[in-house]
Amino acid sequence: MTTASKLLGACDTEAARASKIIESMPAFAWAADATGRYTYISPNALAYLGHSRDDLGPSEAGDEFGWRRVVHPDDYDRVATRWRHCLQTGDHYDTEHRLRGTDGTYRWFRNSGRPSRDGEGRITDWYGTSIDIEEQKQTEAALRERERSLRELIETLPAQIWCTGPDGEPIYFSQVFREFLGFDVADKDTPGNSRLASVLDAHIHPDDLGAVNALFARCLATGEPYALKHRQRRFDGEYRWVETRAAAMRNSEGVILQWNGVCLDIEDLMNAQAALQANERELSQLVNMIPSHVWRLTPDGEPTFFNKRMLDYLGFDVAGTNKPGTSRLEALRAAVHPDDRSEIRNTLNHCLATGETFSMRFRLRRVDGVYHWMSGRAEPLRDHEGRIVQWYGLCHDIDEQVHAEEALQQSERQLQQLIDAVPVNILSFAPSGKITSASKRYLEEVGTPPPHVEDFEALARHLAHPEDLPAMLQKALDGFATGRPFVNRFRRLDKQGAYLWIEARAQPMRDAGGEIAQWYIATIDIEDELRAQEELRLARENLSHASQAASLAELSASIAHEVNQPLAAIVANSHACHRWLTADPPNIERAQKTVERVIRDANSAADVVSRIRALFKQSVERRNTTSLRSVVAEARDLMADEAIRRRVRIDVDVASELPLVAFDRVQVQQVLVNLVRNGIEAMDNIASDRVLRMRVHRMDDVVQTEISDRGPGVEFPERIFEPFFTTKQNGMGMGLAICRSIIESHGGRLWVEKSEPHGATFIFTLPVEAEVAP
Amino acid sequence: MTTGDHVVFIVDDDERIREALCELLVSHGMHAIAFGSAGDYVSAKKPDIPACLVLDVELPDINGLDLQKQIAAGNHPPIVFITGHGDIPSSVRAIKRGAVDFLTKPFSDSDLMSAIHTAITQDREIRSERVELGMLRRRYLELTPREREVLPLVVSGLLNKQAAAELSISEVMLQIHRRNVMQKMAADSLADLVRIAERLQIPITHSRRAGGS
C-alpha cells in the first residue's frame, strides 16, 4: 500500500470512527450546504423523525423547508426565519423548537448550527446538532410554572412581603405591600440616595426610622434575622404598627443571595394590647382601691394574689407566705387569730373540696399586731366544663361593727336586767293594741294573760275592777287614738285574785318618721300609798276639827272676839235702855228697842259659847285607851314639814314598855302639837343645833311626856300658863292655858322646867289606866 | 251740850256695835254718825264742828291703829279706841300717838261717855285755839312793815328810846308805832302783847341790858 492509500485507509478508518462517534452521540447531528440542503443527518435523527434526508431538505423553490413536516407548527415560522437569516448572514444558528417523533409526539430540541467557511470566508457548509431538551424544557416549564405559582402565592398572600438584595436594596414588593404603600420598589428612587434609603424614608415613621436603619444595617452585616416592631405609613397617610421580620436567603456556600421579609400589621394588636394594659391598670387600681381585702387562691388553696390593701394590712405579700416547710396557705393562716384557726382551716378545706362558697367571720392580725374582725367570703371561678380555675376572695373589716354589736348586746342585757329589777311592771303594745311584750316582774306578779287575751282591750277587761273599767278603758282608748300619753288609776286583779290599786302610765314610742312604733305602759302598785294617804287625811281631819287652823292662840283669839262683840253691844244697849227709862219723860219706845237688841245679841253670844262647847264635847266623847307612842309619832309627822322648814331635828324617845293610858287622842294631840310648835319657834334665833326632843316614859303611876327645846328658855315659868299671857308679838296667850286645862281634865299635870345648858322642857303627865276603860 | 255743836263718829265693822253705840249716845243726847270701815269714814264729808272719833281696831280694810297714824298728819278729831282684843302693846302705842283712851269690849258706858266727853272738850279747845291763832295771825298781817319791826323790839323789853335808836327813828315815832301795834293786835297790856308774840312764835332776840344789839 502506498502512503496515499495508507492515508486514505487511515482516513477511512478515521471517518468510520468519526461516523461511529457521531452516530453514537446522544444528539442529532446534521450537516447542510450553504443553501441549507441537508448533506448529512445522523441516523438516530432520521430514526426519530421517521423521514429521509431528502424529505427534510428545502423545497425546490427554496421557500419551504422540508423539515416543516417535523417542526411544530407554532415554532416553524420563527425557526424558518432564523435559519434563513443565518444562512444569509452566517450568524450562529441557535434555536429551540419542537420536533415530532415517529410516535407523533413533539419533543423540544435545541438546534445549534455553525457555518464552515473556506479560505475566502465564504460559507461552504453548515454543521449542527439537535439535542433533545424535552425533559429540560419540561423541567424548565415546571420550574417556571412553580415559579409562577409561587409568585402568585406571594402576590396573593395577605402579607406585606418584600425582598432585597444582599446589599439591602429593595428588589421586590408583593402586591399587598405595594397596595399598602402605594408605590413600588423603584418608585421612590431619588438621585444621590440609595433605593433602600428612599424607600424607608418614604414609609417608615420618623420616630422609628433610626431604629429600623440601625437594625437593618446590623442584620445586613451580620446576617442575623431581622425582627422589629415599628410604624409605617399607609398610602393614605395613616401610620400603622407592623412587626417586620426578615431572614437572609443563602446559597449552598452560605452566601447571602437576598433578604426576604414580611411586615405583619399589628396595629389592632397594639391597640388591643394598649387597651388591655390600660384596662389592666384600671382593674389593678380598682382592686387595690376598693375598701376591702381581695385575695386569690389556686384550686388547691395556695394564695396567689393579695390586693394592695390586704398587703398593707398583713404587712406581707403573697411572696411573704413562701416559708420553708409549710404551704403558703398555712403561712397565711398564721395571721388568723389562734382561736379562729382551726375553724377557718376546716371551713376552707371543706369549701375547697366541695366548691361551696366560703363564708366566715374571723380575726385577722394586722401588721402592728392588732386583731381585727373580718368577714371573709370566697367563691370559685369555673371554666366552661365546671372545673374550678381559681378562688376569689374578699375580706371585709367588720371590727367596728362587731364591737358595736357586742356593745349593743351588752347594753341590751343591762337594759333587760334593769327592767327586771325595778319594782315596776312594763308592758308593750303595738299601735294596733296587740300585746307585744311583758316584763318578767309583770308575769310573776300578775300572771301570764290567758290565750284569748291578745290586745289591750281584752287585757283591760280581764284585769280591771268592773267599777273602774269604763273610765280607764275610755281614757286609754282616747290616748291610743290621739297618741298622747295618759295615766290611769284603777284596781287590778292580781294573781291571788285580789284587787289592788295601781297607777298605769302609758307613753308612745315614735320611730324616726314620727309614727308610733310601740306603746309602753308602766304600772306601779299604789295600794299602800293610797292607804297611807287615806290615813293621813283622816288624821289631819281629826286634828283640824278641834284646832281650827291648828293654833290654839288663834282659836282663843277668835273665841274672844266672837264673844266680845255681842257682849259690847249688849252692854251699850243696856245702858242706853237705862237712860231712856230714866229720862224725863221716860222714852219707853226707845227703851223697848234697845231691850230687843239686848236679847238678840245675848242669844248670839250664847250661840258662840255653845258652839265652842260642842267642839270640845266632840272630843270628850272620844276618850279611850290608846297607845301614847302612836300619838307622839303622829304629832311628829304632822309637824315634820314645819320642822324641816325651820331646820329643826325632832328626836323621839318613847319607852318600849308603856302602860295603857285613857285619853282623848285629838285633845292630847293638840297639846303635843302646841308644845312642839312652841319648842320649834323658841329655837328660831338659835344659830345651830336645833334639836327638839320628845320623850315618853313611865314614872310610877303616870306616863310622863317631855318636850325639850334648846331655845332661850322660859322667863316666867308660872305666868306662861295664865290666859292672855304671852311673850309672842302676835300671840293671844291662850295656848298653854288651854293645854293645861286639857291635861288637867285628864287628871294630869302640865309644867315647865329649865333645860341644860339652855332651853325649856315642857312636861305633862297622864295617869295610868288601871284597867281597860269601858 | 247741845246736839248741834258736836258730833261723835263711830267706826266699827260690826253692825250690832254701831247700832248699840248710836243708841247709847242718842240716849245721852249726843249726835252720832256711824261708818262701817275706815275708808267710809275718810271719804265722807264731815261737819266742821267739835268731834270725837270712836274707832274699832279690828276693821276690815285697815287696822284702826294704822288709820290713826295715817290721819295724824292733818287735823282730826281725838280718838277713842274700842277693841275686842286687849293687848297691851297696842294700847300703849295708841295712847302714845295721842288717843284719848283705849277701851276693850265689853266696856262700861261710863268709861265710854267719859272718854267721849274728854275728847270733845279737847277738840273744842283745840278748835278755839286754832281759831284764835288764826285771828292773831290775821291781825299781825294788818301790821305795816315798820310796825312789824317794832313789835319784836317792844316785846323784848327794850325802852322806847332804845327801840327808836335801833330803828333810827325818833322816840316819838316809835311811840306812835307802838300804840298802833297794841291796838291792831288788840293787846291790853305789854304782857298781853308778849303772850301774843309768843303764840305767833315771833322771836324775842333783843335784850334791854345789851342796849339793843
Side-chain angles (χ1 to χ4, degrees), chain A residues 553-608 719 722-734, chain B residues 1 3 8 10-32 34 36 54-60 63-66 80-93 101-117:
Chain A
E554 281 150 30
L555 174 67
S556 51
S558 73
I559 291 173
H561 198 260
E562 290 293 296
V563 169
N564 281 341
Q565 292 290 95
L567 279 180
I570 289 166
V571 165
N573 276 319
S574 307
H575 284 300
C577 179
H578 178 75
R579 292 222 29 119
W580 290 129
L581 289 175
T582 52
D584 185 19
N587 192 333
I588 306 292
E589 209 186 311
R590 210 79 199 235
Q592 220 164 347
K593 223 187 272 174
T594 61
V595 168
E596 280 164 18
R597 287 184 191 145
V598 163
I599 295 169
R600 180 198 67 194
D601 294 343
N603 282 328
S604 160
D607 244 350
V608 171
R719 294 209 62 198
E722 279 173 27
F724 298 111
F725 182 89
T726 179
T727 54
K728 292 184 198 170
Q729 212 177 26
N730 295 324
M732 264 308 298
M734 287 302 291
Chain B
M1 242 179 297
T3 52
V8 177
I10 299 172
V11 181
D12 192 313
D13 62 334
D14 192 331
E15 211 204 316
R16 300 170 290 194
I17 305 277
R18 287 201 299 273
E19 217 176 37
L21 288 183
C22 286
E23 190 70 38
L24 182 61
L25 285 167
V26 166
S27 76
H28 278 273
M30 299 186 79
H31 183 212
V54 176
L55 183 55
D56 183 16
V57 173
E58 296 80 35
L59 289 173
N63 182 283
L65 296 169
D66 292 332
V80 174
F81 278 102
I82 56 173
T83 177
H85 304 255
D87 72 306
I88 297 170
S90 301
S91 62
V92 165
R93 194 158 69 230
D101 211 341
F102 193 93
L103 305 170
T104 30
K105 303 170 190 165
F107 35 75
S108 67
D109 75 324
S110 55
D111 285 342
L112 180 68
M113 295 319 297
S114 145
I116 289 174
H117 277 298

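This one's a predicted model, so the numbers in the text were calculated from it and none came from an experiment.
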Check ion pair A/Lys593-B/Glu23 (N to O, under 4.0 angstrom):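 Judged by the 4.0 Å cut-off on N to carboxylate O distance, A/Lys593 and B/Glu23 do not form a salt bridge.
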Could you measure the distance from the NE2 atom of A/His578 to the OG atom of B/Ser27? Nearest 0.5 Å is fine.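 Taking NE2 in A/His578 and OG in B/Ser27, the distance rounds to 9.5 Å.
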Quick check for you: to the nearest 0.5 Å, what is the distance between A/Arg579 atom CZ and B/Leu24 atom CG?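 The CG atom of B/Leu24 is 8.0 Å from CZ of A/Arg579, to the nearest 0.5 Å.
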If you tally heavy-atom pairs under 4.5 Å against chain B, which of A/Asn573, A/Val598, A/Ile570 wins?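 The answer is A/Asn573.
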At their closest point, which heavy atom of [X] faces which heavy atom of [Y], and how far apart are they?
X        : Y        : value
A/Asn564 : B/Lys105 : CG-O, 3.4 Å
A/Ala568 : B/Ile17  : CB-CD1, 3.6 Å
A/Ala572 : B/Ala20  : CB-CB, 3.7 Å
A/Val571 : B/Phe107 : CG1-O, 2.8 Å

Are B/Arg16 and A/Ser604 packed together at the side-chain level, in the sense that at least one heavy-atom pair is separated by less than 4.5 angstrom?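 The answer is yes, as the side chains (C-beta and beyond) meet within the 4.5 Å cut-off.
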4.5 Å side-chain heavy-atom contact, A/Gln565 and B/Asp12: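 In contact.
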By a 4.5 Å heavy-atom criterion (distance strictly below it), what part of B/Glu58 contacts chain A: side chain, backbone, both, or neither?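 Contact with chain A is through the side chain of B/Glu58 alone.
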So which of B/Asp14, B/Leu25, B/Asp56 has the biggest tally of heavy-atom pairs under 4.5 Å with chain A?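 With the most close heavy-atom pairs to chain A, the winner is B/Asp14.
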A/Arg590 portion near chain B, given a 4.5 angstrom heavy-atom threshold: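 Both parts, backbone and side chain.
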